[in-house]
Colleague: 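Starting off with a structure, shown below.
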Amino acid sequence: MFIGIGVSVLVLGGFIGLMMSGGDEEPQVTQDTSKIAPAPSSGGDGGMDGPGAGEVALPPGLESASMDGAPKALVEPKPPVEIPDTPDGTITAVMNALADGNPRGPWDMLPTSYQSKINSLVNEYADVVDPVMWDKGFSVANRIANVLRDKQEFLFGNQMVAMQMANNPQAEEIKKAYPRVVGLLNTILSSDITSREKLKSLDVGDYLGTTGAQLIEDVAALAALSPTNTFAKGLDSLREVSVKVLKSEGDTATVEIGMPGQTNKVESMKQVEGRWIPSDMAEEWEEDIKKARAALEQMKANQQQVGMQAQMMIGMVEGVIAQFENANTQQDFDMALQGVMGMAMGAMQGGGPGSGGMQGGPSPGFGQPPGMKQDGQFPPAPGGTPPPMKR
């Protein structure tokens, strides 16, 4: 229900965390046969207007979308990955697909019935989730993304942020990466998962081949700002994965997976409906599906209560967003940001809805941000009046 808002908060939170630190987060490529886990990296020189002389250029067509933050369909849909009928061929095909920027590999290696059940669960989830709050949540997330795009001058102009950036050796790289982070966020917020109606008929494989592929392109564009570009190197290294069948008997096999510079891993695989998958997955599949369906039933039982809580939360978030949207000066923006930070501090100190936040201090809890009146409404924000908080 709060996926839309959560996505925005996580992306912004991770970026601000980088702003406040001097560290360099590098992309990580796992040796898992079904996934890779990239973490965006930034680097290079220049300001907010894009690469300068001697810098690594972005892939064609990506720079405009990243810089203005507008959602654009820049990647052609990736085709299904052809999966061989051998265990070693399966792993190699998946790794090569990921290296090519096609995240469909792990999906296409699954048996047809597995894919069908996953799609069914996703579609059923769309029926269970609150129809208003799902779309509303993503609508709010889009407003957050617009604030990040339109108010970046005020964000970097904030005194506290400016002080942190002054002590951060990666300040210029961070400023240059910022618009691309917003572009990545917009890729998610313009995808089919943001609509409950589209979610009812969403095909996970198609989603991976479109939005998933675009996300890889977005992260690649972000990583291209780094002189080392370890993300691209990590993807290329997937082509060097070696797979050796140690033992094969009927529908079971044992393979050894090796990657340069890493310890080899022995994996047990099982053939199901003509597809080779990890044995653990095959053994636990039915139980995992039962748990997922039980969770859906629990959601149905709690739907009304969760819906009421969601309305309160979204009403509060909308009031905060309105203050940022109405901020036309640095002072207006700073006041809004101070309120958000107070909310976050109250939450971290154990404050919950209606609580008093930190013990012995005046900071409010998460349920009552600074400046909120007892009747649950925000005072007029500079430049306009935000909507009242719904109960």
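Numbers for residues simply follow the sequence, beginning at 1.
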Colleague: For the residue pair E124 and S120, confirm or rule out a side-chain donor-acceptor distance under 3.5 Å.
Modeller: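 Present: a donor and an acceptor within the cut-off.
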
Colleague: Has N158 got a side-chain atom pairing as donor or acceptor with F154's backbone, closer than 3.5 angstrom?
Modeller: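 No: the side chain of N158 does not pair with the backbone of F154.
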
Colleague: Quiz question: by atom type and distance under 3.5 Å, do the side chains of T228 and T230 form a donor-acceptor pair?
Modeller: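 Side chains of T228 and T230: no pair found under 3.5 Å.
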
Colleague: Measuring from atom CG of D332 to atom CD of Q323, what distance do you get when rounded to the nearest 0.5 angstrom?
Modeller: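 Between D332 CG and Q323 CD, I get 10.0 Å after rounding to 0.5 Å.
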
Colleague: What heavy-atom pair brings F138 and I193 nearest, and what distance separates the two atoms?
Modeller: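 Minimum heavy-atom separation between F138 and I193: CE1-O, 3.5 Å.
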
Colleague: Between V243 and V266, is there shared hydrophobic-cluster membership here, with clusters defined by ILVMFWY side-chain heavy atoms closer than 4.5 Å?
Modeller: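 No.
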
Colleague: Side chains of Y125 and D127, heavy atoms from C-beta outward: is any pair under 4.5 Å?
Modeller: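 They are not in side-chain contact.
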
Colleague: Verify the neighbour count for atom NZ of K244: are there more than 12 heavy atoms of other residues, nucleotides or ligands below 6.0 Å?
Modeller: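 It does not: K244 NZ has 12 such atoms or fewer within range.
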
Colleague: Restricting to non-hydrogen atoms, name the atom on R196 and the atom on V129 that form the minimum distance, rounded to 0.1 Å.
Modeller: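 What the structure gives for the nearest pair is NE-O, 3.4 Å.
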
Colleague: For a quick test of reading the model, state the closest non-hydrogen atom pair linking V81 to A97 and the distance between them.
Modeller: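 Smallest heavy-atom distance, with atoms named: CG2-CB, 3.7 Å.
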
Colleague: Which atoms form the tightest heavy-atom contact between E82 and A93, and what is the distance?
Modeller: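 Closest pair (atom of E82, atom of A93, distance): O-CB, 3.8 Å.
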
Colleague: For the pair K176 and E173, find out whether any cationic side-chain nitrogen is under 4.0 Å from an anionic carboxylate oxygen.
Modeller: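 No salt bridge links K176 with E173.
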
Colleague: Mind running side chain to side chain contact (heavy atoms under 4.5 Å, CB included) on K247 and T252 for me, showing each step along the way?
Modeller: CA-CA 8 Å; K247 181 180 179 182; T252 61; over 6 Å; no

Colleague: Under the side chain to side chain contact (heavy atoms under 4.5 Å, CB included) criterion, do V128 and E297 qualify, and how do the steps go?
Modeller: CA-CA 8 Å; V128 173; E297 292 300 319; over 6 Å; no

Colleague: Salt bridge or not between K136 and E318? Use side-chain N to carboxylate O under 4.0 Å.
Modeller: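 Yes.
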
Colleague: As an exercise, state the distance from CG of L155 to CG of D150, rounded to the nearest 0.5 Å.
Modeller: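 That separation rounds to 12.5 Å.
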
Colleague: Examine the side chains of Q214 and D218 and answer whether a donor and an acceptor come within less than 3.5 Å of each other.
Modeller: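 The criterion, which ignores hydrogens and geometry beyond distance, is satisfied for D218 and Q214.
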
Colleague: Roughly how far apart are L208 CG and D108 CG, rounded to 0.5 Å?
Modeller: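 Here the rounded value is 8.5 Å.
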
Colleague: Taking L246 as the starting point, is it possible to reach I277 by hopping between hydrophobic residues whose side chains are less than 4.5 Å apart?
Modeller: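 Looking at the clustering, L246 is in a separate group from I277.
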
Colleague: If you measure from the Lys or Arg side-chain nitrogens to the Asp or Glu carboxylate oxygens, is any gap between D100 and R239 under 4.0 Å?
Modeller: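 Salt bridge present between D100 and R239.
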
Colleague: Using every non-hydrogen atom in the two residues, find where A145 and L189 come nearest and quote the distance to one decimal.
Modeller: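 So the two residues come closest at CB-CD1, 3.8 Å.
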
Colleague: Do T211 and D192 have side chains that get closer than 4.5 Å, going by heavy atoms?
Modeller: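 They are not in side-chain contact.
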
Colleague: Just wondering, do M95 and I91 contact through their side chains at under 4.5 Å, heavy atoms?
Modeller: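 Side-chain contact under 4.5 Å: yes.
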
Colleague: Rounded to the nearest 0.5 Å, what separates atom CD in Q271 from atom OG in S279?
Modeller: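 If I round to the nearest 0.5 Å, the distance is 11.5 Å.
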
Colleague: Below 4.5 Å, heavy atoms only, C-beta onward: do P106 and L98 meet side chain to side chain?
Modeller: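 In contact.
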
Colleague: Could you walk me through whether L215 and L184 pass the side chain to side chain contact (heavy atoms under 4.5 Å, CB included) check?
Modeller: CA-CA 7 Å; L215 287 172; L184 187 152; 4.2 Å; yes

Colleague: Closer than 3.5 angstrom, by distance alone: can the side chain of T194 be matched with the main-chain N or O of S191 as a donor-acceptor pair?
Modeller: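 Present.
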
Colleague: Answer whether the closest heavy-atom distance between the side chains of L110 and I118 falls below 4.5 Å.
Modeller: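 They are in contact (side-chain heavy atoms under 4.5 Å apart), so the answer is yes.
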
Colleague: Just checking Y207 against W107, ring centres under 6.0 Å apart?
Modeller: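 When the ring centroids of Y207 and W107 are compared, they turn out to be at least 6.0 Å apart.
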
Colleague: Find the distance between CD (Q262) and CD1 (I257) and round it off to the nearest 0.5 Å.
Modeller: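 These two atoms lie 11.0 Å from each other.
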
Colleague: Within the side chain of S237, is there an N or O that forms a donor-acceptor pair under 3.5 Å with the backbone of G234?
Modeller: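 Yes; judged by distance alone, with no hydrogens or angles, the pair exists.
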
Colleague: W285 vs Y114 aromatic rings, parallel, tilted or perpendicular, using cut-offs 30° and 60°?
Modeller: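 It falls in the parallel class, under 30°.
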
Colleague: Applying side chain to side chain contact (heavy atoms under 4.5 Å, CB included) to I289 and L121, what does each step give before you reach the verdict?
Modeller: CA-CA 9 Å; I289 292 297; L121 284 170; 3.8 Å; yes

Colleague: Side-chain donor-acceptor pair under 3.5 Å between Q330 and D334, yes or no?
Modeller: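 D334 and Q330 do have a side-chain donor-acceptor pair below 3.5 Å.
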
Colleague: So, E284 side chain and M281 main chain: donor-acceptor pair closer than 3.5 Å or not?
Modeller: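 Here the side-chain-to-backbone pair does not exist.
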
Colleague: Any donor-acceptor pair under 3.5 Å linking the side chain of N168 with the backbone of Q164?
Modeller: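 Checking the backbone N and O of Q164 against the side chain of N168, no donor-acceptor pair under 3.5 Å is found.
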
Colleague: With a 4.5 Å limit on heavy-atom distance, are the side chains of F324 and V320 in contact?
Modeller: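 Yes, at least one pair of side-chain atoms sits under 4.5 Å.
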
Colleague: So does E273 have more than 12 non-hydrogen atoms from other groups sitting under 6.0 Å from CD?
Modeller: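 Atom CD in E273 is crowded, with more than 12 foreign heavy atoms closer than 6.0 Å.
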
Colleague: Taking all heavy atoms of N123 and all of L199, pick out the closest pair and write down the distance.
Modeller: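 So the two residues come closest at ND2-O, 3.0 Å.
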
Colleague: Roughly how far apart are N264 CG and E256 CD, rounded to 0.5 Å?
Modeller: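 Nearest 0.5 Å value for the CG-CD distance: 4.5 Å.
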
Colleague: Under a 4.5 Å cut-off applied to non-hydrogen side-chain atoms, are K151 and N328 in contact?
Modeller: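 With C-beta onward as the side chain, the pair touches.
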
Colleague: State whether the side chain of N102 and the backbone N or O of P79 hold a donor-acceptor pair below 3.5 Å, judged by distance alone.
Modeller: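 Such a contact is found between N102 side chain and P79 backbone.
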
Colleague: Checking D85 side chain against G274 main chain: does a donor-acceptor pair fall under 3.5 Å?
Modeller: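 The answer is no, because no donor-acceptor pair under 3.5 Å joins these two groups.
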
